[in-house]
Enquirer: 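Below is the structure I would like to discuss, written out as structure tokens.
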Amino acid sequence: MGDSEFDPEDPEQAEIGREMVDESTGLGSVAAHLYRGEMERMVEWRNRLDTTTNWAVTVMSAIVAYAFSGEVSHAVILAGLLMGTVFLFIEARRFRDYDIWRSRVRVIQENLFANALDPSQGVEHDAWRAELSRDYREPERKISYRGAFSHRLRRVYLPLITAMLVGWVFHVWAFNPDETFLEGASLPGVNGVVVVAAVGLYYVILLVLAVPLSEKERGESGEADHGDID
């Protein structure tokens, strides 16, 4: 069959995992090196993602601890919320890059190695070779920034930010026992009502952004088909 007649969905072409086991070809060696390279890239970006998360947890925890260490303004905790939001934006961008390599690894695992181990099950996607080839020719991110933001918000930052807000509320009450909550929440030049309204609006916006708009945004790209390996 010539290159012009190549059909990536043809059973003989799609199920090359069976060929890797049944025959001694150079294809198996090439696929192994390819898979190793994609795994290294995925692990590298996963480490970058985890580093951002670790920094966020460390910084936000340190800020809360400092806020309760003495007569410190509750504004410190609000500043910690802003810092956490900055880390969230950074992590969402890194998650999009990580998902590129993660999705490639899953395609190879599902359609090549899984088929090589148990050819009776066949491949998951007949056109997987064409899809992977297109991804190598024209690489692009597979999850939107909004989807990545929503994913990391639900998985990591919403619980962290919620805990900080609970700490902020407790701080306002505990350190201003002779004032109402709105009076204690005030800042120099800013009325407590404005501060509470701003914090409430901020949290509501996060809750809205945490809601996925599609199946794809519920996790990494292809979660419905490939499973969430986090």
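What you see is a predicted model; the values in this text were computed from it and never measured. Residue numbers count from 1 along this sequence.
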Enquirer: Determine, using the 4.5 Å side-chain heavy-atom cutoff (strictly less than), whether Val156 and Phe95 are members of one ILVMFWY cluster.
Expert: no
Enquirer: For Tyr66, which residues count as a ring-ring contact (aromatic ring centres under 6.0 Å, His included) partner, sequence neighbours excluded?
Expert: none
Enquirer: Does Asp135 have any side-chain hydrogen bond (donor to acceptor under 3.5 Å, both in side chains) partners at least two apart in sequence or in another chain, and if so, which?
Expert: Arg104, Lys142
Enquirer: Not counting sequence neighbours, which residues clear side-chain contact (heavy atoms from CB on, under 4.5 Å) with Val64? List them please.
Expert: Phe68, Met164
Enquirer: Under the side-chain hydrogen bond (donor to acceptor under 3.5 Å, both in side chains) rule, collect the residues that match up with Trp168, sequence neighbours excluded.
Expert: His74
Enquirer: By ring-ring contact (aromatic ring centres under 6.0 Å, His included), which residues pair with Tyr145, not counting sequence neighbours?
Expert: none
Enquirer: Just to verify, what does Trp55 make a ring-ring contact (aromatic ring centres under 6.0 Å, His included) with, not counting sequence neighbours?
Expert: none
Enquirer: Determine whether the side chains of Arg129 and Ser133 contain a donor N or O and an acceptor N or O closer than 3.5 Å.
Expert: no
Enquirer: Report yes or no: does Arg141 contribute a side-chain atom to a donor-acceptor pair with the main-chain N or O of Ile100 at less than 3.5 Å?
Expert: no
Enquirer: Please lay out, stage by stage, how Ser150 and Arg154 fare under the test side chain to side chain donor-acceptor pair (under 3.5 Å).
Expert: CA-CA 6 Å; Ser150 176; Arg154 292 194 309 277; 2.5 Å; yes
Enquirer: Compile the donor-acceptor pairs under 3.5 Å between side chains in residues 189-212 and protein atoms, sequence neighbours left out, one pair per line.
Expert:
{"unit_1": "Asn191", "atom_1": "OD1", "unit_2": "Val193", "atom_2": "N", "d": "2.8"}
{"unit_1": "Tyr202", "atom_1": "OH", "unit_2": "Thr85", "atom_2": "OG1", "d": "2.7"}
{"unit_1": "Tyr203", "atom_1": "OH", "unit_2": "Thr162", "atom_2": "OG1", "d": "2.6"}

Enquirer: List for me each residue that meets salt bridge (charged side-chain N to carboxylate O under 4.0 Å, His left out) alongside Glu131, sequence neighbours excluded, and say none if there are none.
Expert: none
Enquirer: Partners of Arg36 by side-chain contact (heavy atoms from CB on, under 4.5 Å), sequence neighbours excluded?
Expert: His33, Glu40
Enquirer: Without swapping roles, check the side chain of Thr53 against the backbone of Leu49 for a donor-acceptor pair under 3.5 Å.
Expert: yes
Enquirer: Please list, chain by chain and in numerical order, all residues satisfying side-chain contact (heavy atoms from CB on, under 4.5 Å) with Ala163, sequence neighbours excluded.
Expert: none
Enquirer: With sequence neighbours left out, what residues match Phe149 under ring-ring contact (aromatic ring centres under 6.0 Å, His included)?
Expert: Phe89
Enquirer: Under the rule for salt bridge (charged side-chain N to carboxylate O under 4.0 Å, His left out), what residues qualify as partners of Arg134, not counting sequence neighbours?
Expert: none
